[in-house]
Amino acid sequence: MSISENIRKIKSGLPPEVTLVAISKTYPKEALLEAYEAGQRVFGENKVQEMTQKWEELPKDIEWHMVGKVQRNKVKYMAPYVHLIHAVDSIKLLKEIEKEAAKNERVIKCLLQIKIAEEDTKNGITLDEAKEALDSAEYKSMNHVKIVGLMGMATLTEDEAKVRKEFSYLKTCFDGLKETHPAFEVLSMGMSGDYRTALECGSNMVRIGSAIFGERNYN
Ligand SMILES: *Cc1c(COP(=O)(O)O)cnc(C)c1O
């Protein structure tokens with residue numbers, strides 16, 4: 001199937017309130033343009049440099065999401081345009097985003113990445129650390145970053161019950177924090193292999209790469 005057919009097929013299975021982020025890392029800009037022509041306007045990348053190059057070359061009404069781990073010294077390159085940073089995992093990183101967003105006179109939306117998988121290769125913080133960050137005087141003094149929700153990655157496994165348990169836990173974290181943080185609106189969970197389960201667990205933003213663009217050669 002073509003990229004545009006994949007997008008139409010995936011979109012037709014998503015409730016209207018769910019945002020599809022097309023994860024375009026490693027794919028050439030021609031592939032992104034094909035998705036764009038099929039109506040896709042939200043793209044996600046995991047490397048700042050690659051995203052910035054694509055931002056420069058592609059139509060300006062695209063919404064760019066950074067879904068990968070962010071090095072603090074790279075924040076400045078995306079601060080002028082990034083729409084949502086999914087994987088914030090420290091106050092240090094938030095401070096850097098605050099600084100660069102201020103320089104650009106912008107408010108940058110962020111998600112906190114919660115560690116929900118057992119494997120230690122997965123990044124993220126605990127629920128307690130997320131609470132601590134949200135309630136810190138430091139975060140409260142920031143006027144150019146806004147934490148609008150949570151992101152998580154489930155264990156890569158065929159064991160659907162395990163994936164469901166991890167996503168359900170993240171939804172519980174989200175609902176709990178939303179009670180005291182009304183800005184919470186985004187729950188980013190679900191990729192090509194597990195987004196249907198994520199939707200059943202309450203996701204409202206799915207990050208789908210290979211099911212749209214085909215298999216990647218590298219990560
Ligand atoms: C690559 C990536 C995805 C998309 O993965 P697919 O399995 O290709 O859908 C989603 N989220 C993050 C953080 C990624 O790095």
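Source: prediction; values computed, not measured. Side-chain atoms are counted along with the backbone in the values below, which use heavy atoms only and exclude waters and symmetry mates.
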Original post:
Heavy-atom count around Lys95 NZ within 6.0 Å, excluding the residue itself: above 12?
Top reply: no
Original post:
Checking side-chain hydrogen bond (donor to acceptor under 3.5 Å, both in side chains) for the pair Tyr36/Asp61: CA distance, chi angles, key distance, verdict?
Top reply: CA-CA 10 Å; Tyr36 181 88; Asp61 61 342; 2.6 Å; yes
Subject >> More than 12 heavy atoms from other groups under 6.0 Å of CD on Glu57 >> reply: yes
Original post:
Should Ile23 and Val21 count as side-chain neighbours, where that means a heavy-atom distance under 4.5 Å?
Top reply: yes
Original post:
Judged by modelled atom types alone, do His181 and Asp135 share a side-chain donor-acceptor pair under 3.5 Å?
Top reply: yes
Original post:
What do the steps show when you test Met51 against His65 for side-chain contact (heavy atoms from CB on, under 4.5 Å), and what is the final call?
Top reply: CA-CA 9 Å; Met51 182 168 79; His65 291 211; over 6 Å; no
Original post:
If you look at every heavy atom in Ala87 and Gln113, which pair is closest and at what distance?
Top reply: CB-OE1, 3.2 Å
**OP:** Give a yes or no on whether the backbone of Met191 and the side-chain of Asp194 come within a donor-acceptor separation of less than 3.5 Å.
**Re:** yes
**OP:** Assess whether atom CD of Gln53 is packed by more than 12 heavy atoms of other residues, nucleotides or ligands within 6.0 Å.
**Re:** no
**OP:** Start with the C-alpha distance between Leu58 and Leu33, add both sets of side-chain angles, then the distance that settles side-chain contact (heavy atoms from CB on, under 4.5 Å), and finish with yes or no.
**Re:** CA-CA 8 Å; Leu58 289 164; Leu33 269 178; 3.6 Å; yes
Original post:
Using a distance-only test with no angle check, is there a side-chain donor-acceptor pair under 3.5 angstrom linking Glu118 and Thr155?
Top reply: no
Subject >> Under 3.5 Å: donor-acceptor pair, side chain of Glu166, backbone of Val163 >> reply: no
Original post:
Distance-only, no hydrogens or angles: does the Lys109 side chain make a donor-acceptor pair with backbone N or O of Lys146 under 3.5 Å?
Top reply: no
Original post:
Is Asn204 reaching over with its side chain to a backbone N or O of Leu187, donor-acceptor style, under 3.5 angstrom?
Top reply: yes
Original post:
Just wondering, more than 12 heavy atoms not from Arg196 lying within 6.0 Å of its CZ?
Top reply: no
**OP:** Work out which heavy atom in Gly209 is nearest to a heavy atom in Arg216; give both atom names and the distance.
**Re:** CA-NH1, 4.2 Å
Subject >> Heavy-atom pair of closest approach, residues Gly152 and Arg207 >> reply: O-NH2, 3.5 Å
Original post:
Crowded around Glu56 CD? As in, over 12 foreign heavy atoms under 6.0 Å?
Top reply: yes
**OP:** Return yes if some donor-acceptor pair links the side-chain N/O of Ser24 with the main-chain N/O of Tyr27 below 3.5 Å, else return no.
**Re:** no
Original post:
Without hydrogens or angle criteria, can the side chains of Ser4 and Ser2 be said to hold a donor-acceptor pair below 3.5 Å?
Top reply: yes
**OP:** Could you check Ile97, Val145, Ile147 and say which one makes a side-chain contact (heavy atoms from CB on, under 4.5 Å) with Val88?
**Re:** Ile97
**OP:** Write down the atom of Ser210, the atom of Glu215, and the distance for their closest heavy-atom approach.
**Re:** CB-OE2, 4.2 Å
Original post:
Between Phe43 and Trp64, how do the two ring planes meet: parallel, tilted or perpendicular, split at 30° and 60°?
Top reply: tilted
Original post:
Going through the distances and angles, do Leu199 and Thr197 end up as a side-chain contact (heavy atoms from CB on, under 4.5 Å)?
Top reply: CA-CA 5 Å; Leu199 289 173; Thr197 306; over 6 Å; no
Original post:
Hey, does the side chain of Gln40 reach the backbone of Val42 with a donor-acceptor pair shorter than 3.5 angstrom?
Top reply: yes
Original post:
Take atom NZ in Lys11; do more than 12 heavy atoms of anything else shown fall under 6.0 Å from it?
Top reply: yes
**OP:** Taking the side chain as every heavy atom from C-beta outward, state whether Val82 and Ile108 have any pair of such atoms under 4.5 Å apart.
**Re:** yes
**OP:** Keeping the roles fixed (side chain from Ser168, backbone from Cys201), state whether a donor-acceptor pair exists under 3.5 Å.
**Re:** no
**OP:** Would you confirm whether Tyr81, through its side chain, and Thr52, through its main-chain N or O, come within 3.5 Å as a donor-acceptor pair?
**Re:** yes
Original post:
For Lys60, does the NZ atom have more than 12 heavy-atom neighbours from other residues, nucleotides or ligands under 6.0 Å away?
Top reply: yes
**OP:** Please report the closest heavy-atom contact between Ile125 and Asp89, naming both atoms and the distance.
**Re:** CG2-O, 3.2 Å
**OP:** With salt bridge (charged side-chain N to carboxylate O under 4.0 Å, His left out) as the test, would you mind laying out the steps for Glu5 and Arg8 before giving the verdict?
**Re:** CA-CA 5 Å; Glu5 283 168 331; Arg8 280 188 202 105; over 6 Å; no
Original post:
Under the 3.5 angstrom rule, does the side chain of Glu45 hit a backbone N or O of Val67 as a donor-acceptor pair?
Top reply: no
Original post:
Are Lys74 and Glu100 close enough, and set up right, to give a salt bridge (charged side-chain N to carboxylate O under 4.0 Å, His left out), and what steps lead you there?
Top reply: CA-CA 10 Å; Lys74 302 279 171 62; Glu100 295 299 330; over 6 Å; no
Original post:
Given the rule in the side-chain contact (heavy atoms from CB on, under 4.5 Å) test, do Cys110 and Leu84 qualify, once you have shown the distances and angles that lead to the verdict?
Top reply: CA-CA 5 Å; Cys110 298; Leu84 182 64; 5.6 Å; no
**OP:** Please indicate whether Glu179 has more than 12 foreign heavy atoms, meaning atoms of other residues, nucleotides or ligands, lying under 6.0 Å from its CD.
**Re:** no
Original post:
Are any side-chain N or O atoms of Asn104 and backbone N or O atoms of Arg106, one a donor and one an acceptor, separated by less than 3.5 Å?
Top reply: no
Original post:
Do you know the tightest heavy-atom contact between His83 and Glu63?
Top reply: CG-CG, 3.1 Å
